[in-house]
Amino acid sequence: MHVMEEELQHLVTSARAEAEAIGEPAQLEEFRVRYLGRKGLLSGILRGLGALPAMDKPRLGAKANEAKAAIEELYAAKNAALGAGRAHVRPALDLSLPGRQPAHGRSHPISRVMRETCAIFAAMGFDIAEGPNVELDYYNFEALNIPAHHPARDMHDTFYVTDSLLLRTHTSPMQARIMEKQQPPLRVVAPGQVYRCDSDITHTPMFHQVEGFLVDKNVSFADLKGVLALFVNKMFGSGVGLRFRPSFFPFTEPSAEADISCILCSGKGHRNGEPCRICKGTGWLEILGCGMVDPNVFAAVGYPEDSTGFAFGLGVERIAMLKYGITDLRMFYENDLRFLTQFA
Ligand code: PHE
């Protein structure tokens, strides 16, 4: 047997063994280049064909073509096998897969409580109004019976923008803004953000209030009490108590702060033999400031002297914490999805 014939036979044998072991398209491409490429093993052998004696040329030429066809067939078979295998493992589109759930947002607990609060008062006939967060000193203080240098300004830790412009420290400026434009009788709730230069575990520089006020003839503190009792009943349930403590605000007279009986210890002040953590053993929790609108406020907005009315300002964060049993104020502003997704 001619040495070239032996070489060809050997080439096909090793190609067959190698093709067998190929598992990936990249390996197959390497195989093609090495055996069938222009600088490949087969071309290397065929290059010797020219130097052969003329009598050997036809026979060895035919053998070379056979070897080439055999290796090409190995390549084609493997190529088909790999292609089919790929289709099986990774289909272009699997129609049997379930659809992907789009992640949908939820209302923030603060938004929920604000909306629910407004809805409760709207059901009692209150209108809903919103006003600017950047407020004039006049509406935030002056019109509310808090003149410049009044000591009550100290309570507010105000962020000033300019001498006469500030971030509102409460929603009460809405009392003056609405009354200035609208004649009595009226009832309005005004939800929104308020700002105080104060930041620790129980205070954030921005928080939320819902202001409420009603002005008419012969409005009494009993009306205020009745409206707030109904609110507490709707927001927290019928078993929750409400009490008023005397307090002071320059824009109401008389003034009060209202507490509800503690949600955690049911007003008992203790739980499992220990003083209640939430109400600190008192059995009560403060949720709002309120009172009868001060005559000086009516004077500032040009209302008749016989006007009577009440006003209150609810702390939204406080109510949300009590309603949902949240013990850390910071939770509201960390945007942790593990927290936020609990309010479905
Ligand atoms: N604006 C007061 C505060 O932020 C609350 C309040 C509102 C009190 C209305 C009386 C009447 O503390």
Side-chain angles (χ1 to χ4, degrees), residues 110 114 117-118 121 126-133 135-147 150-159 166-180 186-198 202-216 219-221 223-228 231-232 242-260 285-298 300-301 303 307-319 329:
I110 296 296
M114 282 224 276
T117 301
C118 289
F121 287 106
F126 283 71
D127 293 328
I128 299 168
E130 282 181 274
N133 288 16
E135 183 58 282
L136 289 166
D137 181 284
Y138 175 76
Y139 290 111
N140 198 85
F141 291 128
E142 206 84 16
L144 296 176
N145 198 29
I146 315 175
H150 190 287
R153 290 199 177 205
D154 289 350
M155 301 185 343
H156 287 250
D157 303 305
T158 312
F159 286 113
L166 46 78
L167 299 183
R168 66 178 177 189
T169 59
H170 51 176
T171 41
S172 299
M174 287 303 284
Q175 293 183 34
R177 279 184 174 273
I178 300 279
M179 287 186 216
E180 211 178 53
L186 54 78
R187 3 178 191 180
V188 176
V189 279
Q193 292 161 323
V194 301
Y195 306 83
R196 289 186 199 178
C197 187
D198 201 351
T202 55
H203 297 89
T204 48
M206 184 280 297
F207 57 101
H208 298 79
Q209 290 186 336
V210 175
E211 191 80 7
F213 47 98
L214 179 151
V215 183
D216 203 340
V219 180
S220 74
F221 204 98
D223 298 312
L224 170 62
K225 190 178 169 186
V227 164
L228 291 177
F231 165 74
V232 167
L242 173 68
R243 77 171 182 185
F244 291 83
R245 276 177 295 108
S247 185
F248 173 80
F249 300 102
F251 37 95
T252 46
E253 182 60 32
S255 303
E257 281 169 326
D259 305 334
I260 57 168
L285 297 156
E286 185 188 328
I287 57 164
L288 61 88
C290 62
M292 303 308 292
V293 178
D294 193 288
N296 284 342
V297 175
F298 288 140
V301 298
Y303 269 15
S307 301
T308 49
F310 63 72
F312 57 86
L314 288 152
V316 178
E317 276 77 359
R318 203 62 202 278
I319 291 172
L329 180 68

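We use all heavy atoms of the structure for the numbers below, so side chains are in, but hydrogens, waters and symmetry mates are not. For clarity, every value in this text was computed on a predicted model and none was experimentally measured. All residue numbers in this chain count up from 1 along the given sequence. All ligand and atom numbering here is 1-based and tracks the order in the structure.
- For atom 6 (C) of ligand 1, the closest non-hydrogen atom of the protein is Gly289 O, 3.6 Å.
- Side chains of Thr169 and Asn140 form a contact here, defined as non-hydrogen atoms less than 4.5 Å apart.
- Contacts between Cys290 and ligand 1, counted as non-hydrogen atom pairs separated by less than 4.0 Å, involve the backbone only.
- Counting heavy atoms from C-beta on, the side chains of Thr171 and Pro191 never come closer than 4.5 Å.
- Side chains of Pro132 and Arg177 form a contact here, defined as non-hydrogen atoms less than 4.5 Å apart.
- Closest to atom 7 (C) of ligand 1 among all protein heavy atoms lies Gly313 N, 3.3 Å.
- Among Ala311, Gly315, Ala256, the residue whose heavy atom lies closest to atom 11 (C) of ligand 1 is Ala311.
- When heavy-atom distances to ligand 1 are checked against a 4.0 Å cut-off, Met292 has no atom that comes that close, whether in backbone or side chain.
- The shortest N or O to N or O distance between Gln209 and ligand 1 is under 3.5 Å.
- Listed by number with element, the atoms of ligand 1 under 4.0 Å from a non-hydrogen atom of Gln175 are 9 (C).
- Residue contacts with ligand 1 include Arg196, since one of its heavy atoms falls under 4.0 Å from the ligand.
- Judged purely by atom type and a 3.5 angstrom limit, Asn145 uses its side chain to pair as donor or acceptor with the backbone of Pro250.
- Using modelled atom types, one side-chain atom of Ser255 and one backbone atom of Phe249 make a donor-acceptor pair closer than 3.5 Å.
- Aromatic rings from Phe231 and Phe121 are positioned such that their centres are separated by under 6.0 Å.
- When only interatomic distances are considered, the shortest N/O to N/O separation between Glu211 and ligand 1 does not fall below 3.5 Å.
- Residue, atom and distance of the protein heavy atom nearest to atom 12 (O) of ligand 1 are Phe249 CE2, 3.7 Å.
- Side-chain contact between Val189 and Thr117: absent, with no pair of heavy atoms (C-beta onward) separated by less than 4.5 Å.
- The closest approach between any non-hydrogen atom of Phe251 and ligand 1 is below 4.0 Å.
- In terms of N/O distances under 3.5 Å, ligand 1 is approached by His170.
- Put simply, the residue from Tyr139, Phe312, Phe251, Phe207 that forms a ring-ring contact (aromatic ring centres under 6.0 Å, His included) with His170 is Phe251.
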